[in-house]
Structures are given as structure tokens and as C-alpha cells.
Amino acid sequence: MKTILTSLLLALAMFLPAPASANTDSDKAIPPSRLPKAALQTISAYLPGRKIAIAKVESELFSKSYTVIFTNGEKIEFDGRGRWTEVKCKRSAVPASLVPAQIGHYIRENYPDCRILEIERDDDEYEVKLSNYVEVTFNKRFEVIDVD
């Protein structure tokens, strides 16, 4: 009985949140060389010449994500496999080569005087924020599903 109770208490302790001081790996700076290979390839292919100010890893229970902030204020986020999930360019356009062709075509046709300042993607959709403050959401088939 004592063994069962001890096992039950240990199992319960595994699901309780750790104290803040014990959660040191949650969000920490890392050297850029510790980014996933795919992330480093994306940076060198699509964002060449930009200087990295800081690279960070955020560890969650079952996943990791990475954030890279450049000295010019631009930011790119990656999932645990190194696939980009979000690109933010405050003063310049997101590199056109990072934007899926169908989205780029739609924006050029419907918002010819605007630049894409941010793009975010997940498994189901893409969301772009334009220089005129309009946000356009596309489904995974690149059909417009919302405009704000």
C-alpha cells in the first residue's frame, strides 16, 4: 500500500507546474549555431546579409520553437523542425521569395501599392499584414477566407 501511495504521489508531482526558478529552459538565448539546420538555411537563403542580434529557444512540454531577431528589428520564428512560422519586417517588405506565389499574386493584384510587412503560417492558414494595416487570411489552398 505504501508503494502504491508513493507512486501515486510521484505521478501527481509530474503534472504539477514547476516553480519558476526550476523552469530555466523555458525561453533562453542560444548561439545562432544551435538553431535547427533548416532555420539556418532559411536565414542564409532568404534573409542574407542580416546580422543576428539574438537567437532564442522556447521549450515547452512537448515542443520547442525558435526566435531570431536581427539588428535591423526584423524577426523570424521557427518551429522545432526549423520551418519558419512567422516573419515580421517593420520597415521593409517580407522577402518575396518567402511568400507563397499564390499569396504574392493576390496581394499584387488587389493591393498593388502595399507591401507585406508580416506573414504567419500554421498548419491550416496563412495570415499577412500589409503596409496599409489590412490583414488578409488565406486557407491552406491559398483562398482568401478573411480580410480585416
Side-chain angles (χ1 to χ4, degrees), residues 8 10-148:
L8 188 60
L10 286 173
L12 180 61
M14 289 176 54
F15 291 102
L16 293 175
S21 61
N23 197 9
T24 57
D25 281 349
S26 175
D27 189 12
K28 67 177 186 178
I30 60 170
S33 60
R34 290 206 29 225
L35 291 167
K37 184 178 179 180
L40 291 171
Q41 290 172 338
T42 298
I43 291 169
S44 66
Y46 300 105
L47 302 162
R50 288 168 176 84
K51 185 175 179 185
I52 295 175
I54 189 168
K56 299 188 292 186
V57 61
E58 183 175 342
S59 299
E60 295 181 14
L61 188 57
F62 295 111
S63 65
K64 286 185 178 183
S65 61
Y66 299 88
T67 302
V68 175
I69 301 172
F70 299 97
T71 55
N72 65 359
E74 294 175 350
K75 178 172 100 170
I76 186 167
E77 296 182 8
F78 300 94
D79 63 16
R81 296 180 296 184
R83 292 181 339 135
W84 70 266
T85 57
E86 185 174 4
V87 181
K88 289 185 177 184
C89 299
K90 295 180 180 184
R91 294 174 193 90
S92 61
V94 169
S97 53
L98 268 176
V99 178
Q102 300 92 323
I103 292 175
H105 177 74
Y106 177 86
I107 298 301
R108 284 190 303 277
E109 289 291 315
N110 294 283
Y111 302 94
D113 297 328
C114 294
R115 297 174 288 143
I116 298 174
L117 299 179
E118 298 180 23
I119 185 167
E120 184 175 353
R121 73 175 175 188
D122 60 28
D123 292 335
D124 298 321
E125 61 188 34
Y126 288 81
E127 182 177 300
V128 297
K129 294 180 183 177
L130 305 177
S131 55
N132 66 349
Y133 306 106
V134 170
E135 296 179 19
V136 184
T137 305
F138 300 83
N139 63 20
K140 60 185 170 184
R141 292 183 310 275
F142 304 109
E143 299 165 332
V144 175
I145 57 173
D146 193 22
V147 178
D148 284 331

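- Expressed to the nearest 0.5 Å, how far CG of Asn132 lies from CG of Asp113 amounts to 9.0 Å.
- Under a 4.0 Å N-O distance rule, the pair Lys75/Glu77 qualifies as a salt bridge.
- In this structure, OG1 on Thr137 lies 6.5 Å from CG on Asp148, to the nearest 0.5 angstrom.
- Side-chain atoms of Ser63 and Asp79, non-hydrogen and from C-beta on, never get closer than 4.5 Å to each other.
- The two residues Ser44 and Pro48 come nearest to each other via the heavy atoms O-CB, 3.6 Å.
- Rounded to the nearest 0.5 Å, atoms CG (Leu130) and CG (Asn110) are 10.0 Å apart.
- The side-chain heavy atoms of Val134 and Tyr111, taken from C-beta on, include a pair separated by under 4.5 Å.
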Steps toward side chain to side chain contact (heavy atoms under 4.5 Å, CB included) verdict (Glu127, Ile119): CA-CA 6 Å; Glu127 182 177 300; Ile119 185 167; over 6 Å; no
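- Looking only at side-chain heavy atoms (C-beta outward), Tyr66 and Ile30 come within less than 4.5 Å of each other.
- Residues Asp122 and Thr85 fail the side-chain proximity criterion, which asks for heavy atoms closer than 4.5 Å.
- The two residues Cys89 and Pro95 have their closest heavy-atom pair at SG-CD, 4.4 Å.
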Side chain to side chain contact (heavy atoms under 4.5 Å, CB included) assessment of Lys28 paired with Val57: CA-CA 6 Å; Lys28 67 177 186 178; Val57 61; 4.0 Å; yes
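- A 4.5 Å side-chain heavy-atom check between Phe142 and Pro100 finds at least one atom pair inside the cut-off.
- Taking both residues in full, the closest heavy atoms of Ser131 and Leu117 are given as CA-CD1, 3.7 Å, listed atom of the first, atom of the second, then distance.
- Side chains of Asn139 and Asp124 form no contact here, defined as non-hydrogen atoms less than 4.5 Å apart.
- Residue pairs meeting the side chain to side chain donor-acceptor pair (under 3.5 Å) criterion with at least one member in residues 89-109, sequence neighbours excluded: Glu74-Ser92.
- Summarising the geometry, atom CG belonging to Asn72 is positioned 9.0 Å from atom CG belonging to Leu47; distances are rounded to the nearest 0.5 Å.
- Crowding of Phe70 atom CZ: a count of heavy atoms from other residues, nucleotides or ligands under 6.0 Å exceeding 12.
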CA sep, side-chain torsions, deciding dist, call: Val144, Asp146, side chain to side chain contact (heavy atoms under 4.5 Å, CB included): CA-CA 6 Å; Val144 175; Asp146 193 22; over 6 Å; no
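- The structure places OG of Ser65 at 10.5 Å from CD of Glu86, a figure rounded to the nearest 0.5 Å.
- Side-chain contact between Ile43 and Arg50 is absent, with no heavy-atom pair separated by less than 4.5 Å.
- The CD1 atom of Ile116 sits 7.0 Å away from atom CD1 of Ile103, with the distance rounded to the nearest 0.5 Å.
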Side chain to side chain contact (heavy atoms under 4.5 Å, CB included) between Phe78 and Val68, intermediate numbers included: CA-CA 8 Å; Phe78 300 94; Val68 175; 4.1 Å; yes
Please tabulate, one pair per line, all N/O donor-acceptor pairs under 3.5 Å involving side-chain atoms of residues 34-42, not counting sequence neighbours.
| unit_1 | atom_1 | unit_2 | atom_2 | d |
| --- | --- | --- | --- | --- |
| Thr42 | OG1 | Ala38 | O | 3.0 |

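- Between the side chain of Arg121 and the main chain of Trp84, a donor-acceptor pair closer than 3.5 Å is present.
- Side-chain contact between Ile145 and Glu125 is present, with heavy atoms from C-beta onward closer than 4.5 Å.
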